[in-house]
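All values below were derived from every heavy atom in this structure, side-chain atoms included, with hydrogens, water molecules and symmetry-related copies excluded. Naming: A, B, ... by sequence-line order, numbering from 1 per chain.
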Amino acid sequence: MALPPTYSPSEVEKRWYADWEARGAFKPNVNASQGPFTIVIPPPNVTGILHMGHALNNTLQDILIRWKRMQGHAVLWVPGTDHAGIATQNVVERQLAKENLTRQQLGRDQFIKRVWTWKEKYGSTIVHQLRRLGSSCDWSRERFTMDEGLSRAVETAFLKLYEAGLIYRGYYLVNWCPRCQTALSDEEVVHEEVKGHLWHIRYPSASGKGEGIVVATTRPETLLGDVAVAVNPKGGRYRSLVGTNVLLPLCDRSIPIIEDEAVDSTFGTGAVKITPAHDPVDFEMAKRHLELIPPNASRKDWTSIPVRVIDSDGRMSRSNVPAPYQGLDRFECRKKILEDLEAQGLLIKTEDYGTSIGHCYRCRTVIEPTLSPQWFVKMRPLAKLGIEAVEKDGMRFIPVRWTKVYLDWLRNIRDWCISRQIWWGHQIPIWYCTSCNKPDVQGHGSWVNGQYVEPGMIVGHREEIKSGNPPPCPTCGKKVSLVQDPDVLDTWFSSWLWPFSTLGWPEQTKDLNTFYPTSVLVTGQDIIFFWVARMVMAGKFFLGKIPFKDVYIHGIIRVEGGKKMSKSLGNIIDPLEIIDRVGADALRFSLAHMTSEGQDMYLSENKFLLGRNFANKLWNASRLILEKIDSKGERPISFNLRFMTVPDWWILSRLQWTMEGVTKSLSDYHFNDAAQLLYGFVWNEFCDWYLEIAKLQREDPDIAIVQNTNHLLLTVLEETLRLLHPFMPFITEELWHRIGAAESPDSTIMKTPWPTPESAWADPNKEWAFKKLQTVITEVRNIRAIFHVPPKEKVSLWVQGSQGIGILTQHEKILQRLAGIDRLMIKAKLDRPKGSVISHLPAQHGLDSWDLMVPLEGLVDLAVERKRIEKEVQDLETRAKSKRGRLEDPTFRSKAPADVVAEEEESLKELEAQMGKWAESLKQLQ
RNA sequence: GGGCGGUUGGCGCAGUCCGGUUAGCGCGUUUCCUUGACAUGGAAAAGGCCACUGGUUCGAAUCCAGUACCGCCCACCA
């Protein structure tokens with residue numbers, strides 16, 4: 001059963017994943033010795049395809065999950081997907097467009113059916129891609145934010161909030177995306193700095209006397225909806241004009257000049273045009289000056305005022321603006337208005353001006369702030385719970401700095417606009433009596449006993465309303481036909497329930513009782529507001545418990561050069577491609593290796609070579625170990641302490657430290673530390689040193705030594721595989737079986753216990769002994785390299801020393817093989833052989849210092865040797881000097897801790913001794 | 001306008017919370033090596049006044065204050 005010389009991941013990965021899944025290995029172990037450990041996946045959008053961010057996010061989760069599973073916890077990782085309202089609707093609409101259809105033509109019911117069809121067909125793409133990564137989610141518990149249970153949870157949540165008086169509808173200026181034709185929450189708007197202009201426009205005096213007023217604006221097209229011009233009450237040159245009227249250009253409406261604190265008299269011209277229907281600041285200002293609203297209009301009902309000049313499709317109003325502008329695209333209209341103003345001599349000045357403009361986070365369309373009736377959640381009371389979570393309930397962010405970001409957002413929270421004017425999503429569980437509720441009163445209900453009500457409004461569960469026995473209309477008392485509010489809820493309204501809705505809430509299921517609260521949330525900084533904060537509030541509000549104790553925020557992945565990865569830039573590094581090329585394990589290991597706490601990371605393709613090479617190294621190490629064992633046809637079953645060699649003790653000890661370090665690092669979410677420890681152990685200690693020595697030990701005539709070595713090789717490899725398993729699940733499982741560690745083909749490394757260090761085997765003294773050997777070998781190799789001794793040429797090694805010298809005599813074979821030494825001469829006092837190179841090893845690790853001499857008759861270039869020694873002396877001199885300086889400083893002696901002083905003294909003494917030796921050698925050379 | 005992060009060999013990054021040997025790693029570079037695990041490899045090596053200025057300290061890459069540049073987030077200056 002010899003292993004092929006290179007590891008080929010794709011076959012192995014496919015085989016093991018199918019196997020794990022088939023035998024239900026990802027399900028929580030009901031007989032677990034430790035308590036539950038739960039993670040809910042940040043549900044990717046159904047429309048999504050796996051990108052590097054997902055790869056990182058899920059790799060980290062899987063590392064924790066597999067680690068905790070091996071530690072014996074009842075581990076549950078709940079997977080699922082998000083219905084992603086707008087994104088999914090967009091995708092299906094685009095599909096329809098190819099058939100020359102619109103969703104309106106199809107009608108709501110048909111359209112939704114279409115989306116479901118799409119979801120059935122394509123919605124599991126990402127879920128399958130997560131499998132390729134090796135994610136050990138319990139797929140039997142997979143959820144979808146629109147599935148029946150979760151829809152029930154959404155309605156229940158809405159009703160509970162409603163009953164608590166936290167839901168209301170209002171007629172507000174909201175972020176409107178003219179392309180998606182829906183309102184968006186503040187968090188869904190992406191502000192981007194855009195180069196624009198500041199136009200100075202004259203509004204002529206209405207009385208004909210005076211110059212009028214000049215306003216500065218970035219959006220001239222909105223002047224058609226102006227209701228006033230405002231100046232600061234304290235200062236500015238227009239202060240005297242307050243109370244007078246000006247004429248709105250191009251429509252010849254007379255509007256007043258008012259005063260308001262919000263105006264900055266030093267900005268622009270000091271005068272601001274007020275367009276309440278299309279600017280949030282103006283809206284707030286207008287609310288402070290209700291007198292602006294024409295007396296014939298309802299003060300609540302802004303629709304009847306001719307101020308809304310841009311329709312929901314982003315074109316100018318068909319009725320509220322002068323004929324030439326009607327129906328024009330808003331940006332076209334801007335041009336035309338500027339031309340017309342210019343023609344009338346009212347455009348005074350055009351300045352370049354950079355301003356930040358809101359864009360739809362889904363389609364990048366420029367947001368049009370627009371007045372419309374929308375549903376909101378009152379956030380203040382909920383935010384209080386979110387703040388409590390960190391201040392009282394012990395929730396913590398890793399890295400901690402996100403705590404402040406989180407708290408700041410909660411402390412300045414604004415109400416959450418939860419209604420969306422799209423079709424794909426959870427329809428709002430509110431019904432209206434068709435005879436009592438008129439569309440034009442929308443958003444003007446009132447508060448009764450702490451609850452928001454509109455005439456004819458019924459709040460309830462879908463099944464109850466649709467059961468055929470709906471409650472009577474609370475207003476007219478009749479059982480007339482009810483129509484459901486057409487809006488759907490923000491996608492995040494279902495996501496914020498995810499940690500418990502996936503476990504069965506609102507039912508008190510066994511899963512909910514067992515696995516809630518979850519253990520840790522692993523996610524990116526970009527959704528702290530969208531998702532994390534809201535989940536915390538929801539968890540506390542609906543269940544009275546924080547949904548997770550730890551929130552691990554990992555960095556964002558960028559491409560080398562600092563840009564964000566994006567399709568349009570064509571700089572995507574596709575994780576699936578990487579998996580095809582180097583394997584999932586290599587991808588995972590590379591990612592973990594570079595994940596330093598919460599730091600953003602730059603990616604380039606060649607970074608995955610690290611993982612690939614490492615996997616290959618591991619594979620080949622196993623191959624080496626296995627080859628000899630298999631050819632002998634026998635497996636060593638035990639080992640005997642009597643036959644343990646110095647290198648054996650060393651590698652065992654190193655393994656213990658590795659176990660401890662990896663466990664500690666994972667506990668602290670220091671994934672990179674853990675990966676680096678393992679990398680270093682496997683490559684630099686196990687492979688570079690121990691395997692080379694093991695080759696020799698396996699040639700030993702004593703079969704006990706051979707057996708012992710083989711046993712040790714297998715033991716160390718097996719434990720290493722287990723330590724590596726969370727990072728590299730596939731290759732470790734494969735090798736674990738190949739080395740015969742599995743009791744039966746049915747067992748899996750996944751369920752083996754996590755290695756724990758044995759303190760008896762972690763022995764620094766034994767490590768030192770071996771390190772001495774390493775030092776000598778390295779030193780000889782160094783000399784050979786400097787003097788170009790051909791690899792096949794053997795050299796003699798003369799060692800002058802006494803203490804602890806046995807380590808060398810006992811390991812002549814190792815010295816011979818690893819350093820090419822054919823003769824070893826050891827004495828307490830030696831005359832330096834002619835033509836030899838000398839090296840003075842410092843005293844360390846409890847041994848006296850040794851002098852190494854390598855006779856290289858005829859090979860030594862004196863100039864090179866002199867240079868080598870001079871450099872050595874110089875280095876020592878520098879170090880000694882700084883130490884001397886410090887030791888001569890009386891304050892150091894009095895203030896520094898005694899052990900530090902002692903250490904310094906000791907090391908200076910040693911340095912001086914060394915320098916003496918080297919100086920002597922240098923003299924001999926001359 | 002606020003807040004946060006970064007600045008360490010040619011490149012990409014650890015180390016900084018919690019100050020104390022000779023500051024680590026990967027890539028790249030130089031020299032040598034086709035010795036039966038692995039050239040996706042082995043051996044040896046070169047390369048860093050830890051952005052700058054000042055402070056605290058016996059001692060600073062590490063703590064404090066400030067400066068510069070880069071990046072991110074939040075915010076109603078039209």
Side-chain angles (χ1 to χ4, degrees), chain A residues 3 5-7 191 198 215-219 222 230 262-264 266-269 271-275 279-285 353 355-356 369 399-402 404-405 408-409 412 525-526 528-529 555-556 558 560 562 582 586 590 593-594 596-604 606-607 609-610 612-628 670 672-673 676 679-680 687-688 691-692 695 777-778 781-786 788-792 817-819 844 875-876 878-879 882-883 886-887 889-897 899-901 903-904 907:
Chain A
L3 266 57
T6 44
Y7 169 58
H191 290 271
L198 192 60
V215 300
T217 180
T218 53
R219 299 202 56 197
T222 60
V263 180
D264 177 356
T266 64
F267 183 87
T269 63
V272 190
K273 56 193 274 314
I274 306 298
T275 319
D279 184 282
V281 187
D282 296 3
F283 177 70
E284 289 304 316
M285 226 186 282
Y353 185 68
T355 180
S356 113
V400 276
R401 64 169 182 273
W402 294 111
K404 189 171 150 37
V405 176
D408 283 351
W409 185 73
N412 299 304
Q525 51 190 267
D526 47 337
I528 291 179
F529 306 145
I556 300 283
R558 295 211 171 73
E560 220 158 37
V582 303
S590 303
H593 190 267
M594 61 179 111
S596 75
E597 192 182 276
Q599 221 46 264
D600 289 359
M601 52 195 106
Y602 294 157
L603 221 53
S604 60
N606 70 2
K607 293 209 164 165
L609 294 181
L610 177 124
R612 180 195 67 165
N613 295 351
F614 184 57
N616 192 249
K617 191 75 180 173
L618 190 64
W619 182 262
N620 275 290
S622 309
R623 209 157 74 95
L624 168 72
I625 293 169
L626 227 42
E627 257 173 13
K628 286 282 158 53
H670 291 166
N672 57 333
D673 287 352
Q676 279 164 35
Y679 184 95
C687 291
D688 287 350
L691 286 190
E692 293 306 319
K695 283 179 191 169
I777 291 168
T778 305
R781 282 169 169 175
N782 185 352
I783 289 168
R784 297 180 61 117
I786 288 175
H788 300 292
V789 180
K792 285 189 177 153
R817 182 72 69 94
L818 300 192
Q844 49 181 209
D875 283 0
L876 292 169
T878 321
R879 285 170 51 198
S882 79
K883 277 191 201 304
R886 217 152 10 132
L887 282 164
D889 182 351
T891 26
F892 172 73
R893 289 190 170 279
S894 59
K895 295 239 175 132
D899 56 326
V900 172
V901 177
E903 221 171 89
E904 286 287 291
S907 93

Going 5' to 3' through nucleotides 45-50 of chain B and flagging B where a protein heavy-atom sits under 4.0 Å of the base, S where only the sugar-phosphate is that close, and - otherwise, we get SS----
Protein-proximity profile, nucleotides 28-42 of chain B, B/S/- by nucleotide at the 4.0 Å heavy-atom cutoff, equals ---S-S---BB-BSS
Reading nucleotides 19-25 of chain B from 5' to 3' and marking B where a protein heavy atom lies under 4.0 Å of the base, S where only the sugar-phosphate is that close, and - otherwise, the string is -BSB---
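For A:Y679, the side chain to side chain contact (heavy atoms under 4.5 Å, CB included) criterion is met by A:F589, A:L610, A:F614, A:W683, not counting sequence neighbours. With sequence neighbours excluded, the residues forming a side chain to side chain contact (heavy atoms under 4.5 Å, CB included) with A:H191 are A:V189, A:S356, listed by chain and number. Considering only residues two or more places apart in sequence or on other chains, A:D264 meets the salt bridge (charged side-chain N to carboxylate O under 4.0 Å, His left out) condition with none of them. Qualifying side chain to side chain contact (heavy atoms under 4.5 Å, CB included) partners for A:Q676, counting only residues two or more places apart in sequence or in other chains: A:H593, A:N672. Legend: residues meeting side-chain hydrogen bond (donor to acceptor under 3.5 Å, both in side chains) with A:R219, ordered by chain and number and at least two apart, are A:E221, A:E368. Residues satisfying the side-chain hydrogen bond (donor to acceptor under 3.5 Å, both in side chains) test with A:E692, not counting sequence neighbours, are A:K695. Residues passing the side chain to side chain contact (heavy atoms under 4.5 Å, CB included) test with A:I786 are A:N782, A:V864, A:R868, sequence neighbours excluded. By the side-chain hydrogen bond (donor to acceptor under 3.5 Å, both in side chains) test, A:K895 is found to be paired with no residue, residues two or more places apart in sequence or in another chain being considered.
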Given Watson-Crick and G-U pairs under 3.5 Å, RNA chain B in dot-bracket ([ ] crossing, | other strand) is ((((((((.[[[[.)....(...]]]].(((((.......))))).....[[[[[..)....]]]]])))))))....
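Nucleotides B:rA60 and B:rU22 are separated by 13 Å at their P atoms, to the nearest Å.
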